[in-house]
Amino acid sequence: MTDLSFSVERRPDPVSDERRAEILANPGFGLHFTDHMVSATWTKDGGWHDGRVTPYGPIQLMPSAAVLHYAQEIFEGMKAYRHEDGSVWTFRPEANAARMARSARRLALPELSEADFIGSLKALLEVDKAWVPPADGGEASLYLRPFMYASEAFLGVRPANEVTYSVIASPAGPYFAGGLKPVTLWISQDYARAGAGGTGNAKCGGNYASSLAGQLEGIENGCDQAVFLDSATHENIEELGGMNLFFLTKGGELVTPELSGSILEGITRSSILELAKDLDLTPVERTVPIQEWKDGVASGDIVEIFACGTAAVVTPVGELRWQGGTAPGVGGPEGGEVTRTIRSRLLDIQYGRAEDTRGWLTQLA
Ligand code: PLP
Ligand code: COI
């Protein structure tokens with residue numbers, strides 16, 4: 001169902017072609033933003049309305065806006081890829097739309113229909129298509145960030161009666177500067193990112209806020225990222241602050257922690273579970289004790305480990321550290337062969353270099 005159409009107010013002073021080319025040549029991650037943004041407003045009485053494309057810029061919020069106090073906010077993360085013929089595509093947007101609707105229900109926010117969600121991406125790409133990096137065989141893309149927040153100015157604790165939805169976009173290179181160099185992980189033993197009955201399986205800002213202390217502890221201990229464990233027993237692996245985890249066993253099982261209710265159901269994760277079958281691997285979703293990681297790399301039962309997500313694609317995982325110990329990395333200095341194969345299969349589909357046999361791509365522009 002479509003509720004929204006989008007009016008367009010173009011920026012009078014867009015970034016010059018030269019400056020944009022300079023940014024696209026070396027985008028980093030999340031540092032630069034396109035000329036425009038999309039927004040829409042929801043009110044309890046009026047539903048979704050006032051879809052608009054406007055110049056990218058500061059938003060006006062009252063200091064009493066509920067999101068600033070009670071964190072009633074959700075977001076999505078996806079990418080637009082330029083294909084060889086210049087067209088622009090995104091990957092499984094129906095899955096992001098469905099996840100955003102699930103997150104909305106959990107955070108007592110209004111749902112946006114799949115048609116309006118995809119329509120909002122198309123509306124932004126129509127004016128900012130030039131910001132999608134060229135198809136040059138690299139892995140640059142335009143990262144899309146849809147988000148929704150309680151914009152009502154009201155300090156009582158209840159679901160907001162006015163909500164704003166927006167999409168911004170940011171040209172993106174690799175999330176980790178080191179390329180395929182394996183990331184070192186820190187076991188966050190005391191800090192969980194989410195718990196049973198909480199919001200761990202929703203993509204809401206609060207989960208990321210609660211991951212930061214563990215992440216900081218990891219960085220202080222020389223690691224790139226923290227691994228979060230289940231909050232009840234602190235024994236089972238959940239995920240990283242912004243990525244899911246996979247383990248390849250020597251018997252050809254591709255194991256990932258099962259969806260416990262507090263893990264985010266990554267779209268990369270579910271795509272890899274599908275692709276595993278093409279590679280004659282057995283996809284397995286089950287409880288994975290952190291002890292199994294430590295033992296498995298020592299015994300040789302675990303032969304590769306990688307993290308995955310939209311921003312990071314597929315990133316090899318190396319050493320594991322914790323208070324008082326370390327476990328060595330497996331798979332070599334550029335990740336194991338299966339890790340690299342899965343990574344390139346995924347990228348080849350996303351960039352239109354391999355046939356999209358599962359209908360995962362949607363054209364945006
Ligand atoms: N887990 C968390 C906590 C995340 O933030 C993300 C990133 O979106 C993922 C997993 C991977 O999800 P996806 O593959 O849909 O990007
Ligand atoms: C993503 O992969 O899209 C994420 O959201 C991870 C991080 C940038 C928050």
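Count residues from 1 along the sequence. Not measured: the values here are computed from a predicted model. We count ligands from 1, going down the list as the structure has it; atoms in each ligand are counted the same way.
- In terms of heavy atoms, W131 sits closest to L24 at O-CD2, 3.4 Å.
- Electrostatic pairing of R20 and D17 counts as a salt bridge here, judged by a charged N lying under 4.0 Å from a carboxylate O.
- We find that K44 and E152 are not joined by a salt bridge, their nearest charged nitrogen and carboxylate oxygen being 4.0 Å or further apart.
- Listed by atom number, the atoms of ligand 1 under 4.0 Å from Y208 heavy atoms are 2 (C), 3 (C), 4 (C), 5 (O).
- Electrostatic pairing of E22 and R19 counts as a salt bridge here, judged by a charged N lying under 4.0 Å from a carboxylate O.
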Legend entry - Evaluation steps, side-chain hydrogen bond (donor to acceptor under 3.5 Å, both in side chains), between S260 and E238: CA-CA 8 Å; S260 59; E238 298 236 291; 2.8 Å; yes
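- Looking only at protein heavy atoms, the nearest one to atom 2 (C) of ligand 1 is E239 OE1, 3.4 Å.
- Looking from atom 16 (O) of ligand 1 to the surrounding protein, the closest heavy atom is T310 OG1, 2.6 Å.
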Quick check for students: name every N or O atom pair between ligand 2 and the protein closer than 3.5 Å, with distances.
{"residue": "ligand 2", "atom": "2 (O)", "partner": "T310", "partner atom": "N", "Å": "3.4"}
{"residue": "ligand 2", "atom": "2 (O)", "partner": "A311", "partner atom": "N", "Å": "2.8"}
{"residue": "ligand 2", "atom": "3 (O)", "partner": "Y143", "partner atom": "OH", "Å": "2.6"}
{"residue": "ligand 2", "atom": "5 (O)", "partner": "Y143", "partner atom": "OH", "Å": "3.4"}
{"residue": "ligand 2", "atom": "5 (O)", "partner": "K203", "partner atom": "NZ", "Å": "2.8"}

Inset, instruction - Any chance you could lay out the side-chain hydrogen bond (donor to acceptor under 3.5 Å, both in side chains) test for E319 and T184, step after step, and finish with the verdict? - result: CA-CA 5 Å; E319 191 177 296; T184 300; 5.7 Å; no
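- Scanning all protein heavy atoms for the shortest distance to atom 9 (C) of ligand 1 gives G242 O, 3.6 Å.
- Using a 4.0 Å cut-off to heavy atoms of R99, the atoms of ligand 1 that qualify are 12 (O), 13 (P), 15 (O).
- The single protein non-hydrogen atom nearest to atom 14 (O) of ligand 1 is T268 OG1, 2.5 Å, given as residue, atom name and distance.
- Ionic pairing of E9 and R52 is not present here: no N-O contact between side-chain nitrogen and carboxylate oxygen is shorter than 4.0 angstrom.
- Distance from atom 13 (P) of ligand 1 to its nearest protein heavy atom, with residue and atom name: I267 N, 3.4 Å.
- Considering both main-chain and side-chain atoms, R269 never comes within under 3.5 Å of ligand 1 through any nitrogen or oxygen pair.
- Counting the atoms of ligand 1 from 1 in the order shown, those under 4.0 Å from a heavy atom of G266 are 11 (C), 12 (O), 13 (P), 14 (O), 15 (O).
- Against a heavy-atom cut-off of under 4.0 Å, K203 is close to the following atoms of ligand 1: 4 (C), 5 (O), 6 (C), 7 (C), 8 (O).
- Salt bridge R269/E285: present, at least one basic N to carboxylate O contact under 4.0 Å.
- Neither side chain, T43 nor D45, offers a donor N or O lying under 3.5 Å from an acceptor on the other.
- Contacts between E265 and ligand 1 below 4.0 angstrom, taking non-hydrogen atoms only, are absent altogether.
- Between K181 and D224, no side-chain nitrogen of the basic residue sits less than 4.0 Å from a carboxylate oxygen of the acidic one, so the salt-bridge criterion is not met.
- Across A311 and Y175, no two heavy atoms sit closer than the pair O-CB, 3.5 Å.
- Aromatic ring centres of Y143 and F29 lie closer together than 6.0 Å.
- One finds a salt bridge joining E111 and R105 here, because a Lys/Arg side-chain nitrogen approaches an Asp/Glu carboxylate oxygen to under 4.0 Å.
- Within the 4.0 Å heavy-atom cutoff, G241 counts among the residues contacting ligand 1.
- Contact annotation: for M243 versus ligand 1, heavy atoms closer than 4.0 Å belong to the backbone alone.
- Counting atoms of ligand 1 from 1 in the listed order, those under 4.0 Å from a heavy atom of L264 are 1 (N), 2 (C), 4 (C), 6 (C), 9 (C), 10 (C).
- Put simply, part of R193 is less than 4.0 Å from ligand 1, judged by heavy atoms.
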